[in-house]
Protein chains: 2
Amino acid sequence: MATRKGRPKRIETDQESARQSLIDAARQSFAQEGFEKVSIRKIAQVAGVDAAMIRYYFGSKAGLFEATVQETLAPVIAQFQTTIDPQVPLNPLRLMQAYYRMIAATPMLPKLIQQVLNQQDSPEAFAILSASVDNIIKRSENWIKAFTQHNQINPNLNPDWIRLSFISLMVFPILAPKYIQNKLGVEVNEDWLMALAEHNQTLLEEGLFTFSNQSPNDNNDRREP
Amino acid sequence: MATRKGRPKRIETDQESARQSLIDAARQSFAQEGFEKVSIRKIAQVAGVDAAMIRYYFGSKAGLFEATVQETLAPVIAQFQTTIDPQVPLNPLRLMQAYYRMIAATPMLPKLIQQVLNQQDSPEAFAILSASVDNIIKRSENWIKAFTQHNQINPNLNPDWIRLSFISLMVFPILAPKYIQNKLGVEVNEDWLMALAEHNQTLLEEGLFTFSNQSPNDNNDRREP
DNA sequence: GCTTATATTCATCAATGGATGAATTAATAA
DNA sequence: TTATTAATTCATCCATTGATGAATATAAGC
């Protein structure tokens, strides 16, 4: 931004502060290319700022990642947590919708989360995430237990894995590689995500077929007896 | 391996060739840490070989990645393709089982595939993969069309997305970050995967609940009317 | 046996990347 | 007004990395 050295004159236009520009550029770059692949020089260039500003504001590249993830996740997770607030029992559809609204508002979130979860860098961000995950897991345990006790869950399923199934349906579409997303007609925006939530719920409730207990084999399938 | 310079004496023990050691080390390292993160020196060290061997056999780091992915994928994909051979109509359960057998035999495959699909490096490997994906997508189209024409698919579902659902259930568990896998009790070995295949199929066929069309809300759920 | 091809290590180069201190300019406090 | 603090660029250092050209030792062909 600043063309010459020294502290820039205060200007009252709406251009972002250098710090914020860096966070924005970092969020974008880290999500797209991953922590290792992007250089601080590239990020600084995208932000239109000298690379030394990263040290000034965040201490290091890792610090920038930390701050980026935290400032991106924190508000959105907080919002998410209130949406599924503990006063109201956990409802899978509502959980999924809350999650999808969160994603729609910040599309690069999934990739960022994936990175935090994979490379254990950024302990702060990891703490935020794992706390949220633990919360959901914990509450879903009660949910499943209640349903199991009332024999409402299909006895042919492994009850330990229905959370896995639920999360698979919920998360994979928005986490899949772009190539796969294109092949499968994935389009991450609010409308599409809300429709997918309905689709997923219907699938979980009713199954894939018109007539239950019908095998999904091909018409002329010849399987071993 | 060789301690001193020059071509090593031929030895009849069963130790691998340097080339093979490199491929093995690379497969391991690339899958665990990603292309950018691992250095050729690290790979060479794991392989017990000088880093210059990478240039000698593969030309470059990218060449090593290419060769690694190709030599890892090619045989396994070929096997996979025959398992779902075109003579026999595509059966989802069989497809999933074939896929899981492939994964069980080569556990680092999913991460490798993910990398190839994400970073467009390694055009050869990408070609192998996309050919296989295209094949499956194409054949599943027929499968879905047939079912749709006979009104066998739940009309409340979006037929364009049932492949997405299927693949979500199939792929996410083995692709999820380790942290999530642990939380959800994922354990990638043949037995577990085969059981998961059954679970997934049951879920798709019958849905989650004992009584169809029952809403999965909490008992005392208070949702907006 | 001599020559050529093969397989291997070693030393090093050039590029890239992250980190850092200094210089510079503006805002703010005393 | 002056001294201090804040915000910024610039030049540069140092480590890591991928690539490369020897040098060296064995195997293989004639």
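First the proteins, then the strands, lettered A, B, ... as listed; each starts at 1.
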What residue pairs, at least two apart or across chains, pass ring-ring contact (aromatic ring centres under 6.0 Å, His included) with a residue in residues 89-110 of chain B?
none
Tell me, please, which residues at least two apart from B:Lys111 pass side chain to side chain contact (heavy atoms under 4.5 Å, CB included).
A:Asn118, B:Ala31, B:Gln114
Tell me: CD of B:Gln45 to P of D:dT17, nearest whole Å?
11 Å
Show me the pairs that pass side-chain hydrogen bond (donor to acceptor under 3.5 Å, both in side chains) and involve residues 70-83 of chain B, at least two apart or across chains.
B:Arg19-B:Glu71, B:Arg27-B:Thr72, B:Gln81-B:Ser132, B:Gln81-B:Asn135
Under 4.0 Å protein heavy-atom contact, by nucleotide of nucleotides 10-15 of chain C - B base, S sugar-phosphate only
B-B---
Residues in side chain to side chain contact (heavy atoms under 4.5 Å, CB included) with A:Asn142, at least two apart?
none
How many whole angstroms separate atom CD of B:Glu36 from atom P of D:dT16?
19 Å
Quick one: list whatever passes ring-ring contact (aromatic ring centres under 6.0 Å, His included) with B:Phe30, sequence neighbours left out.
B:Phe35, B:Phe65
Counting only side-chain N and O atoms of A:Arg55, is one of them less than 4.0 Å from OP1 or OP2 of C:dA19?
no
Looking at C:dT8, I'd like to know if its phosphate oxygens (OP1 or OP2) sit under 4.0 Å from a side-chain N or O belonging to B:Tyr57.
yes
Strictly by ring-ring contact (aromatic ring centres under 6.0 Å, His included), give each pair with a member in residues 66-96 of chain A just once, sequence neighbours left out.
none
For DNA chain D, find the residues of residues 64-72 of chain A with a heavy-atom distance under 4.0 Å and give them by number; none if there aren't any.
none
In terms of side-chain heavy atoms of B:Ser60, which of C:dT8, D:dA19, C:dT20 is nearest?
D:dA19
The side chain of B:Ile40 lies closest to which of these nucleotides: D:dG18, C:dA7, C:dG18?
D:dG18
Nearest whole angstrom, please: distance from the P of C:dG17 to the CD1 of A:Ile43.
11 Å
side-chain hydrogen bond (donor to acceptor under 3.5 Å, both in side chains) pairs touching residues 39-49 of chain A, sequence neighbours excluded, are none
Which distance, rounded to the nearest 0.5 Å, do you find between the CD of B:Glu66 and the CD of B:Glu124?
5.5 Å
